[in-house]
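Structure record follows, encoded as structure tokens.
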Amino acid sequence: MKKVFKNPWFFLIAVFSVLILLGPYLVSQVSALDRSTYQSLKSFNEILDTIEKQYVETVDKKTLIQGAINGMMKTLDPHSTYMTAEMYKELDVETKGSFGGIGIEITIKKDILTVVSPIEDTPAFNAGIKAGDQIVRIDGKPTKDITIVEAVNKLRGPKDTKVSLTIVREDVAKPFDVVLIRAIIKIKSVRSKMLNGNIGYIRLTTFAEKAGEDVKNAVRDLGKTAPLQGLILDLRNNPGGLLNQAVEVSDIFLKSGVIVSTRGRVKMMESKSMAKDDGDEPTCPMIVLVNEGTASASEIVAGALQDNGRALILGTQTFGKGSVQTVIPLDDGSALKLTTAKFYTPKGRSIQADGILPDVLVKFVRTAGEKETPEDTIREKDLKGHIKSPKENEGMDDSPQKELGEINQDNQLKAAVDILKSWEIFRKSR
């Protein structure tokens, strides 16, 4: 071969001949795609121009383009959104755990703005807003076709300002209005106490900026009160938050092993987080409480502790949000929040749409007089356009506890305490 290509001109002629032979085929493949994209963009520009010139009223081109972008994002999964510069700033405020609003987690279910859960000790919680409530109007304006980002923008606002919600509730005959006064929502993400003298209880409501640090402090403070016989980590109705905080919280209880891995189309989105031995991890038996409102970062923690054999998971099947959203800043100060990967548990299980199935299933027991409404239960697989799990793609039924309603906190907590007490009795009887 070296002798053949000793003359550079011979080499160039050979390459040129191959390109001449294969060129039409290669060009046709590329140009077909280019032509299709070009034709679509040309059509879009024609429509934009026609609307701008001939629509019955004057319209702002920027508003039209904004609407087109929002429409494009709606063709993706429900967690991918476009954020204006103002919305992007709000996202940073939210992760720091303090913002003006009414205190509810919302989603779009069957094209209707629906409450996932009210946040404890907030205007919405105190006014009796419930999981499953449908918000059909905000300040008298219909919420039909509203996006999550648009709804959040309408619900948040300065402290002491009013916002009116028109609510449809399944067991109430007619829609009714609730007027709420916005407050500064300071989410105290961690609460802790001792139960039965020596069982530690930690309630984690969201994975905000300092969740890991707060949980670690709570574990340390509980240990000072008395030697821990057991520990309960309550992740019910925790909608998630920051991925790095999920890793930090998991690492508090693990000495080694995988915590979570992520995989996406782009190589740079692949990662694996490992636990490290800090020498101060609690060694007592542990139970994690979960329900349908346990989502995203909460499911990462539950999956990590379950797969590593560190904790017993008790409750009902979790929400099933196992996708990673990457915030991509744009030149004009706006940003894309785009789904770029999926979460996987240490044993390689996908959380997406499947959720975490507890080791011990405890069905919700409603208080006297409360009607059981399984329809209120919202999970990732109920959201329009969600990314399907492998089981769904194969046509399998992945919801063995579909009939379950909401979880009553007291009866689950009692079950967890009883198990931990029994655990100690069995240990002593050996």
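For reference, positions follow the sequence shown, starting with 1.
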Could you state the interatomic distance from [atom1] ([X]) to [atom2] ([Y]), rounded to the nearest 0.5 Å?
X: R220; Y: S192; atom1: CZ; atom2: OG; answer: 10.5 Å
X: L289; Y: L204; atom1: CG; atom2: CG; answer: 12.0 Å
X: T161; Y: R156; atom1: OG1; atom2: CZ; answer: 13.0 Å
X: Q317; Y: I356; atom1: CD; atom2: CD1; answer: 9.0 Å
X: I259; Y: K272; atom1: CD1; atom2: NZ; answer: 12.5 Å
X: T318; Y: I351; atom1: OG1; atom2: CD1; answer: 7.5 Å

Shortest non-hydrogen contact from [X] toward [Y]:
X: A208; Y: Q245; result: O-CG, 3.1 Å
X: P346; Y: G303; result: CD-O, 3.8 Å
X: V190; Y: A218; result: CG1-CB, 3.9 Å
X: A415; Y: V362; result: CB-CG2, 4.3 Å
X: P123; Y: I185; result: CD-CD1, 3.8 Å
X: I232; Y: A416; result: CD1-CB, 3.7 Å

Show your working on side chain to side chain contact (heavy atoms under 4.5 Å, CB included) between T326 and L338 and close with a plain yes or no. CA-CA 5 Å; T326 302; L338 192 67; 5.5 Å; no

Do R263 and Y344 meet the cation-pi criteria used here (NZ or CZ under 6.0 Å from the six-membered ring centre, within 45° of the axis)?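 The answer is yes; both the distance and angle limits are met.
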
With heavy-atom distances below 4.5 Å as the criterion, would you say the side chains of [X] and [Y] are in contact?
X: P358; Y: L314; result: no
X: I146; Y: K154; result: yes
X: K421; Y: Q229; result: yes
X: K61; Y: L48; result: yes
X: V288; Y: I313; result: yes
X: V219; Y: F253; result: yes
X: I102; Y: I129; result: no
X: T262; Y: T340; result: no

Look at atom NZ of K276 and say whether more than 12 heavy atoms of other residues, nucleotides or ligands are closer to it than 6.0 Å.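 Counting neighbours around NZ of K276, 12 or fewer heavy atoms of other residues, nucleotides or ligands fall under 6.0 Å, so no.
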
Scan residues 137-147 for pairs that pass side-chain hydrogen bond (donor to acceptor under 3.5 Å, both in side chains), counting only residues two or more places apart or in two chains.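 side-chain hydrogen bond (donor to acceptor under 3.5 Å, both in side chains) check on residues 137-147 returns T147-E150.
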
Residues [X], [Y]: salt bridge by 4.0 Å N-O rule:
X: K216; Y: D280; answer: yes
X: R191; Y: D121; answer: yes
X: K267; Y: E270; answer: yes
X: R349; Y: D307; answer: yes
X: D234; Y: R236; answer: yes

Using a 3.5 Å distance criterion without hydrogens, assess whether the side chain of [X] forms a donor-acceptor pair with backbone atoms of [Y].
X: D332; Y: S334; answer: yes
X: T122; Y: G103; answer: yes
X: D60; Y: T63; answer: yes
X: K321; Y: S323; answer: yes
X: R169; Y: G132; answer: no
X: Q306; Y: L357; answer: yes
X: T206; Y: S189; answer: no
X: E281; Y: G279; answer: yes
X: Q54; Y: I51; answer: no
X: N217; Y: E213; answer: yes

Would you say the side-chain atoms of [X] and [Y] include a donor-acceptor pair closer than 3.5 Å?
X: T114; Y: Q134; answer: no
X: N70; Y: Y82; answer: no
X: T166; Y: D177; answer: yes

Walk me through it: do I199 and L228 pass the test side chain to side chain contact (heavy atoms under 4.5 Å, CB included)? CA-CA 6 Å; I199 294 177; L228 293 177; over 6 Å; no

Can V163 and L165 be said to form a side chain to side chain contact (heavy atoms under 4.5 Å, CB included), step by step? CA-CA 7 Å; V163 61; L165 308 182; 4.2 Å; yes

Show, in sequence, the C-alpha distance, side-chain angles and deciding distance for L231 and L222, and conclude whether the side chain to side chain contact (heavy atoms under 4.5 Å, CB included) test is met. CA-CA 9 Å; L231 187 61; L222 287 171; 4.2 Å; yes

